[in-house]
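Heads up: the structure comes next, in structure tokens.
In the text below, chain A, chain B and the rest are named by the order of the sequence lines, each starting its count at 1.
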Amino acid sequence: MAGGEPATSGFHFGRARRIKSRREILAVQHGGSRVHTAHFLLILGRGPDTTAASRLGITVTRKVGDSVRRNRVKRVVREAFRLAPAFLPSGVDLLVIAKAGAPTLGLAAVQAEWAAVRGLVERRAREVLARSGPAAAERLTGPPAMTTKPR
RNA sequence: GCAGGGGCCCAGGCGGUCGCCGGUGGCGCGCGAGCCGCGAGGCUCGUUCGUCGCGGGAGGAACGUCCGAGCUCCACAGGGUGAGGUGCCGGGUAACGCCCGGUGCAGGUGACUGCGAGGAGAGUGCCACAGAGAACAGACCGCCGGGCUCGUCGUUCGCGGCGCGCCCGGUAAGGGUGAAACGGCGGGGUAAGAGCCCACCGCGUCGUCGGCAACGACGAUGGCAGGGAAAACCCCACCUGGAGCAAGGCCACAUAGGGAGGCGACGGCGUCGAAAGGCGUCGGAAGGGCGACCCGCCCGGUGCCUCCGGGUAGGCUGCACGAGACCCGUGGCGACGCGGGUCCUAGAGGAAUGAUCGUCACCGCGGCGAGGGCGACCGAGCCGCGGAACAGAACUCGGCGUACGGGCGCCUGCGACC
RNA sequence: AGGCGCGUAGCUCAGUGGUAGAGCACUACCUUGACACGGUAGGGGUCGUUGGUUCAAUCCCAAUCGCGCCUA
């Protein structure tokens, strides 16, 4: 949306850019900052590697709709994330939790909803990176992943 | 035309742009192994990632999880009891609680549809309220006969008729109650009545005939014996071993067997040996298993059980050629069977199969409207707006149930016209 | 994948084949100067839905909808 040039090609989105395990999702949820929109709750958190491209995790509960509608929400959210590589700086992971009513949205509506909070998202992303700077550095020298504290 | 019944089919098409999953082929970086070379290095194979190309990628219900199986493990899974399920007859099938064809009953004018439709001559229990009486019952009113008192009328003075009341008896026709009242209706019969007798109907039994059978038709006979309910317990017949792909198998990693408590059994024989002990054989405990219990049996043979503590939650496989799909022929009323040919058709794993734009078809509403009709009105075509359902594989099939958009021809009833 | 349970008045629950109930809440009246408390009376129900069995169903049977729970 920014730049006026409709994104078309070259924006891939494979498994490497997804947050898959429940453990990782909980880690983001715990230390992340939240941004609410009308149909989504966005949670930003630091990824394990600050140089890697940002990753995406999606949560759609049964309250949102049946499996067809839940799948559609996930596909549209994934598409919106894929077409907006500049939405987040590298190293910041995004967790999207759908709220009720999300299945009625098309791709354009989701993009508009996110663009409206873009400034807030950028500010929160900088906060997250700054706050976790030392931790991230420590992390790089320490054991690889899975250092979630038993809490 | 309207209303209805049943059957079959489809699950939007095409194109542009950008993606996802796995397969396959090429290229590139890296890694590993092997071989060659003194060496630099080279070659081959495998593989992560990236990239380019090719072809593939949800359903009729993928859904619910109500049944039946395949497959895998549990021990080879037996007998009895119990538990659960099924329940007209015949057939189909790998199997079924499914399907097909019949039978009976019920519903509908009809096309058609529905039915847990074995047994109440095995037993136990239940049938509220109402009602006199509710299961081998019962006399409240009524009806009929007899007796007694009283009243009245008549009297040939013997008594007789009528009526109120009481008593004894007969009666299930009528009233009334009920969901149901111990066959129905009509006639005869009788004091009044009653299958007491008769005709018809119903019911039971027997026989003959038809049918594989459920059952049907006909005849004889009994004289009524019979209530309902088994989706109350139950009886009868038949079926069912248990668990489930997180089944199960392989690899890697980790613990290397920690602590507490409890139980226990080892024995006989043979043989070798100087002995310790070894080998063979027989019996067998603790404990465990065969769904629950019993029987019966099996494992267990030097350990076993319970609790606490500790470790692992990664990869591969199972995993898609199957009771498979389609076409043709053939047997059968049909479900379905048989034969031949062609084809390979999703395999993900926090979970792909999509997003968006255009266009063409489809449906609804509104407007314009060629034209048709005396008219109400019908209406090709054009424009605009809106709609386009139910729903997402998770080991795989066969059914059932439920949700839902549209199309096709067939059949039935009614109305109008010819 | 396997298994279990619950839907009854506005709320929390009884009832388990024969008129559907309790507590709280609600309404009216009494009591008070007024209120609370108390007392008297009253209203309120597709028993989740749809079929079936039965003379009769909240209850029995089947299907279906919604909610909750257990095991792996």
Side-chain angles (χ1 to χ4, degrees), chain A residues 1-118 121-122 124-125 128-129 132 135-136 139-151:
Chain A
M1 323 279 67
E5 169 56 37
T8 51
S9 66
F11 300 149
H12 299 290
F13 181 70
R15 294 207 183 280
R17 296 197 57 195
R18 297 185 194 173
I19 303 173
K20 294 195 291 188
S21 89
R22 171 157 183 81
R23 211 172 279 191
E24 289 180 289
I25 288 175
L26 289 177
V28 173
Q29 224 168 2
H30 213 66
S33 336
R34 307 176 168 214
V35 176
H36 284 275
T37 71
H39 298 94
F40 300 101
L41 168 60
L42 311 178
I43 303 179
L44 285 74
R46 47 173 163 67
D49 182 0
T50 51
T51 64
S54 60
R55 302 183 305 165
L56 174 68
I58 310 173
T59 296
V60 188
T61 67
R62 272 188 357 146
K63 278 190 287 189
V64 173
D66 62 21
S67 56
V68 172
R69 269 156 273 278
R70 292 199 302 273
N71 279 338
R72 173 167 167 90
V73 169
K74 287 192 264 188
R75 285 163 182 155
V76 170
V77 166
R78 220 178 282 140
E79 191 74 1
F81 181 79
R82 181 178 72 84
L83 293 174
F87 190 66
L88 289 170
S90 54
V92 177
D93 286 350
L94 176 66
L95 205 60
V96 177
I97 299 176
K99 299 181 185 177
T104 61
L105 302 178
L107 176 61
V110 174
Q111 287 174 324
E113 197 168 311
W114 289 13
V117 294
R118 176 153 193 185
V121 167
E122 282 174 351
R124 288 284 151 76
V128 164
L129 284 176
S132 58
R139 219 166 228 276
L140 289 176
T141 59
M146 301 298 111
T147 49
T148 321
K149 280 196 183 164
R151 248 277 70 221

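- Against the 90° criterion about 0, the sugar-base torsion of A77(B) places it in the syn range.
- Among A391(B), C18(B), A351(B), the nucleotide with an atom closest to any side-chain atom of Glu79(A) is C18(B).
- Glu79(A) places no side-chain N or O within 3.5 Å of a backbone atom of Leu107(A) that could act as its donor or acceptor partner.
- Taking atom C1' in both A394(B) and G59(B), one finds a spacing of 15 Å when rounded to whole Å.
- Looking at the side chain of Arg78(A), the nearest of the listed nucleotides A351(B), G19(B), A393(B) is A351(B).
- Here, G107(B) and G90(B) have their C1' atoms 27 Å apart, quoted to the whole Å.
- Nucleotide A128(B) carries an anti base; the chi torsion (O4'-C1'-N9-C4 or O4'-C1'-N1-C2) is more than 90° from 0.
- Atom P of nucleotide C18(B) and atom CZ of Arg82(A) are separated by 10 Å, given to the nearest angstrom.
- The partner of A111(B) cannot be assigned: no Watson-Crick or G-U wobble pair with both contacts below 3.5 Å exists in any strand.
- Scanning all heavy atoms of the two residues, the minimum distance from Pro89(A) to Leu129(A) falls at CG-CD1, 4.2 Å.
- Checking Lys74(A) against Arg69(A), the closest nucleotide of RNA chain B that is more toward the 5' end is the one next to Lys74(A).
- Separation of the C1' atoms belonging to C245(B) and U317(B) is 12 Å when rounded to the nearest angstrom.
- Looking only at distances, no side-chain donor or acceptor of Asp93(A) sits under 3.5 Å from a matching main-chain atom of Gly45(A).
- For Leu107(A), taking side-chain heavy atoms from C-beta onward, the closest of the listed nucleotides G392(B), A351(B), A355(B) is A355(B).
- When rounded to the nearest whole Å, the span between CZ of Arg70(A) and P of A393(B) equals 9 Å.
- In this structure A265(B) sits in no base pair that meets the Watson-Crick or G-U test at under 3.5 Å.
- Pairing of G174(B), defined by two Watson-Crick or G-U wobble distances under 3.5 Å, is identified with C141(B).
- Set against G19(B), A58(B), A391(B), the side chain of Asn71(A) has A58(B) as its closest nucleotide.
- Annotation: C11(C) and G45(C) have their P atoms spaced 14 Å apart (nearest Å).
- Put simply, CG on Leu56(A) is 13 Å from P on A352(B), counting in whole angstrom units.
- Remark: G193(B) base-pairs with no nucleotide; criterion is Watson-Crick or G-U wobble with both hydrogen-bond distances under 3.5 Å.
- Shown here, C390(B) forms a base pair with G59(B); the pair counts as Watson-Crick or G-U wobble because both key distances fall under 3.5 Å.
- Base orientation of G195(B): syn, the glycosidic angle falling within 90° of 0.
- Base orientation at G121(B) is syn, since its O4'-C1' glycosidic dihedral falls within 90° of 0.
- Listed for the Arg70(A) side chain is a donor-acceptor partner under 3.5 Å among the backbone atoms of Gly65(A).
- Here the nucleotide nearest the side chain of Arg75(A), chosen from A355(B), U353(B), A393(B), is U353(B).
- Pairing partner, G50(B): C27(B), with both Watson-Crick or wobble hydrogen-bond distances short of 3.5 Å.
- Comparing the P positions of G244(B) and G68(B) gives an interatomic distance of 14 Å, to the nearest angstrom.
- Atom P of G57(B) sits at a distance of 15 Å from the matching atom of U353(B), rounded to the whole Å.
- Remark: G33(C) base-pairs with no nucleotide; criterion is Watson-Crick or G-U wobble with both hydrogen-bond distances under 3.5 Å.
- Across the protein-nucleic acid pair, Phe81(A) atom CZ and A355(B) atom C1' stand 16 Å apart, rounded to whole Å.
- Of the candidates Val60(A), Val77(A), Thr37(A), Leu41(A), Val96(A) forms a side-chain contact (heavy atoms from CB on, under 4.5 Å) with just one, namely Val77(A).
- Annotation: U221(B) and C197(B) have their P atoms spaced 15 Å apart (nearest Å).
- You'll find that the side chain of Arg72(A) is closest to U356(B), out of U356(B), A351(B), A393(B).
- When rounded to the nearest whole Å, the span between CG of Leu83(A) and P of C20(B) equals 11 Å.
- Glu122(A) has a carboxylate O that lies under 4.0 Å from a charged side-chain N of Arg118(A), or vice versa, which qualifies the two as a salt bridge.
- Within the 3.5 Å criterion, the main-chain N or O of Lys74(A) finds no donor-acceptor partner in the side chain of Asn71(A).
- Taking the P atom of each, C357(B) and A246(B) are spaced 40 Å apart, rounded to whole Å.
- The partner of A217(B), taking Watson-Crick or G-U wobble pairs whose two distances both stay under 3.5 Å, is U208(B).
- Put simply, CG on Asp66(A) is 16 Å from C1' on C65(C), counting in whole angstrom units.
- How far CZ of Arg82(A) is from CZ of Arg75(A): 14.0 Å, rounded to the nearest 0.5 Å.
- Between Thr59(A) and Val68(A), the residue anchored closer to the 5' end of RNA chain B is Thr59(A), taking for each the nucleotide with the nearest heavy atom.
- With its glycosidic angle within 90° of 0, G158(B) is assigned syn.
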